[in-house]
Amino acid sequence: MIYVAWKMLTGDRAKYLSLVVGLAFAVLLMTQQGSIFTGIMTRTFAMVTDISAARVWVMDPGVQYPDDLKPLKDVDLPRVRDVPGVDWAVPLFKSNGRAKTADGSFQSVFVFGLDSGTLLGGPSDFVEGKLTDLWQPDAVIVDEAGAERLGGVKVGDVLELNDRRARVVGICRATRTFVSFPVVYTTYSRAVRYVPGDRRVMTFVLTSPKPGVTDEELADRIRAATGLGAATQGQFTEKTLRHYARNTGIVINFGTTVVLGFIVGLAIAMQTLHSFVVDNLRHFGTLKAMGAGNGLLAKMVVFQAVVVGLLGYGIGVGFTALFSHAAKRSPQIAVRFTPELMGLSFCAMTVLVALASLLSLRKVWKTEPAIVFRGS
Amino acid sequence: MTDQAGARSASPASLPAVVCRGVTKSFDTGDAEAWALRGVDFEARRGEMMLLAGPSGCGKTTLLSVIAGILDRTAGEVSVLGHDVHAMSPSRKTAFRRENIGFVFQQYNLVPSLTAAENAAVPLLLRGMRRHEAVDRAKETLASVGLGELTGRLPTQLSGGQQQRVAIARALVGRPGLLVCDEPTAALDGTTGAQVMETLRASAVGADRCVIVVTHDPRVFRFGDRMSEMLDGRITGVRVPGATEVHHA
Ligand SMILES: Nc1ncnc2c1ncn2[C@@H]1O[C@H](COP(=O)(O)OP(=O)(O)O)[C@@H](O)[C@H]1O
Ligand SMILES: [Mg+2]
């Protein structure tokens, strides 16, 4: 009888398609909005996860998120290095700067100053040039999207960074951060010279624990010994997300869209499946008269719901995957379609299909088989 | 199906297949009760085609539904193939219909996306038979109603008379002891209706089977062995079509 259920479902092409398209649309709405949300949230802490060698970040105790720039004192670096369990500790400088482009206009940029010895915190994915080119005089590396915003600068071009000469030696691909200013990498010593006096200090100290010491232990020790803020990658990421959730409307805005997608999806799923069942009530009634029990009818309806559900899910997720794949090429759009999101939307779809088939099934079960003798 | 109701009933041909005694049925229509059956006494035997005739609205369909066990009666006794259908639990009743009753409807009620053979195979599929076996048997049954060449057609590719013959094959494929047909010719023209009735007589009526046909079309009366006449929710008489004498039921 599953065969009969399949034939009933696919018999009317137009209705069948509208069912599948409706559900696909609902899934698309949920996963696409969800992946943009995930993408944007990922950007807020991209810097932390990008510099994977830095197991523990040391910062001013008031820092809430990576773009929250509060300077540390010069002496903080040796203090951190003195904490037992610290394997190594290097400074990372991050500041706002002003670049003058070729056409004479100004553009706000993020300036990163990397520890000259290790160049830790620098980009790894290059369009042109390499990280060690930063050791050349006046050298800076600009991110790809930023280079465009700076008037299409190329390797060899010279920029003015806070009125100082900066020579572009490389173009890199950086994960976009939440505030999408161009990113300029240079060495720590040069960076502090680019930036006005009172800010001539590092922003973060990046450290890693000695073998046998966990990241969390090290962070605890640094906090206790120095009174500075210290967070593992995970802690910093969480802190960042909490900050954005609490202080911006992002979560509410996107949460609303995702929930809306779910509700619209639910409405579409229920409506289309229900109308499909109503259209076929006469056939279900005939089967009932001929001796189909409630269990069998349930199997048929659930099978039909699951088929359109799976197809709709597949198509919806497929489109989201295509969308996020296409968006990867554009640095302007933040999209991150994760397995978790796929799982979550699958659960949502399952709930949709279950509710929709329950509603339809009630209709089928309540149908009097005696309707089959009535004229249509 | 292992319960008794589901098992095929095999009472001797001499016994009546369907017996109704004092059957009433009222519909609750909101403000007032409407009595569709007002004490029906009715009998139909194995081996015969019993017609149930009467004007529109007199309760023929209601009686047929009660006999077939798809509608509860309000009061009275209903025995079908030796079983008290209305004493059964809903699931046993469903199983009983599946094993013992074939249905033919005025509107054919074929699934449009199934071929003639697949439509005719449905009662066997409901009994759990494998699809290929069921379809093969359905094809044999279709051949017996003269549709052996058209087993692969969809209902829309068949004429009304052909569709009704597919429905007859569907009703017969499971070899039920009772066949109930509600106005099987009402949607057809006279000639086609007569052909369908001929098919029904030739393939459905057998020593082991009782066929009840509801009709208000005088042109098909001649196909019945006996005819019960109904008026206002009661059987008013039973006669042999063509004969003028009326035997009281
Ligand atoms: N589901 C129902 N609800 C209310 N009244 C009904 C229902 N079914 C039938 N009736 C009434 O019962 C009477 C008999 O109907 P029916 O058995 O369909 O007659 P027939 O088949 O002889 O034309 C009619 O008056 C009809 O209006
Ligand atoms: Mg009727």
Side-chain angles (χ1 to χ4, degrees), chain A residues 1-20 273 275-304 307-308 311 360-362 364-376, chain B residues 1 6 60-62 64-66 68-72 90-115 118-119 121-132 134-135 154-155 167 170-171 173-174 176 180-183 186-187 214:
Chain A
M1 290 308 293
I2 289 299
Y3 174 76
V4 174
W6 167 253
K7 283 298 212 173
M8 277 170 75
L9 179 66
T10 55
D12 187 337
R13 279 289 161 75
K15 235 173 258 157
Y16 174 58
L17 276 180
S18 74
L19 258 170
V20 171
L273 206 64
S275 86
F276 166 78
V277 164
V278 167
D279 289 343
N280 283 281
L281 222 45
R282 190 168 193 85
H283 299 308
F284 283 116
T286 306
L287 293 177
K288 262 179 127 161
M290 294 193 299
N294 281 348
L296 179 66
L297 293 169
K299 261 188 227 163
M300 292 178 72
V301 170
V302 169
F303 169 79
Q304 289 165 338
V307 165
V308 289
L311 271 173
S360 307
L361 205 53
R362 250 172 59 93
V364 171
W365 280 348
K366 281 173 71 179
T367 299
E368 283 273 352
I371 64 153
V372 293
F373 280 144
R374 283 186 217 133
S376 55
Chain B
M1 266 302 136
K60 306 182 296 294
T61 297
T62 305
L64 199 65
S65 303
V66 167
I70 56 176
L71 190 67
D72 287 332
S91 64
R92 292 186 85 194
K93 211 190 289 183
T94 302
F96 182 80
R97 289 200 302 271
R98 188 161 63 227
E99 298 297 330
N100 297 295
I101 303 181
F103 291 83
V104 176
F105 313 96
Q106 179 181 332
Q107 300 296 331
Y108 326 134
N109 290 359
L110 301 173
V111 179
S113 52
L114 294 181
T115 64
E118 287 166 348
N119 264 296
V122 165
L124 299 177
L125 298 175
L126 284 174
R127 291 180 192 177
M129 191 183 280
R130 300 193 65 81
R131 179 151 59 94
H132 291 291
V135 168
L154 294 174
R170 177 175 65 182
V173 76
V180 294
C181 316
D182 193 17
E183 315 252 11
V214 162

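To find a chain, count down the sequence lines: A is the first, B the second, and so on, and within it residues start at 1.
Taking SG from B:Cys181 and CD from B:Gln106, the interatomic distance works out to 12.5 Å, rounded to the nearest 0.5 Å. Put simply, NZ on B:Lys60 and CG on B:Asp182 are 8.0 Å apart, with the number rounded to the nearest 0.5 Å. Here the CZ atom belonging to B:Arg127 is positioned 11.0 Å from the CE atom belonging to A:Met290, to the nearest 0.5 angstrom. To the nearest 0.5 Å, atoms CG (B:Asn109) and CG (B:Asn119) are separated by 10.0 Å.
Put simply, the side chain of B:Arg170 never gets that close to the backbone of B:Val104: no donor and acceptor are under 3.5 Å apart. In this structure, the side chain of A:Lys15 does not engage the main chain of A:Phe276 through any donor-acceptor pair within 3.5 Å.
With a 4.5 Å cut-off on non-hydrogen atoms, B:Glu183 does not touch chain A at all.
Aromatic ring pairs are classed by plane angle as parallel below 30°, tilted from 30° to 60° and perpendicular above 60°; the pair A:Trp6 and A:Tyr16 is perpendicular.
Checked for salt-bridge contact, A:Asp12 and A:Lys7 miss the test: no charged N lies under 4.0 Å from a carboxylate O.
Heavy-atom pairs under 4.5 Å with chain A were tallied for B:Val111, B:Leu71, B:Thr62; the largest tally goes to B:Val111. With respect to chain A, the highest number of heavy-atom pairs below 4.5 Å among B:Val66, B:Val122, B:Leu154, B:Ile101 belongs to B:Val122. For the set B:Leu64, B:Leu114, B:Leu125, B:Leu126, the entry with the most heavy-atom pairs within less than 4.5 Å of chain A is B:Leu126.
Along residues 292-304 of chain A, the residues that come nearer than 4.5 angstrom to chain B, judged on non-hydrogen atoms, are A:Ala292, A:Gly293, A:Leu296 in order of number.
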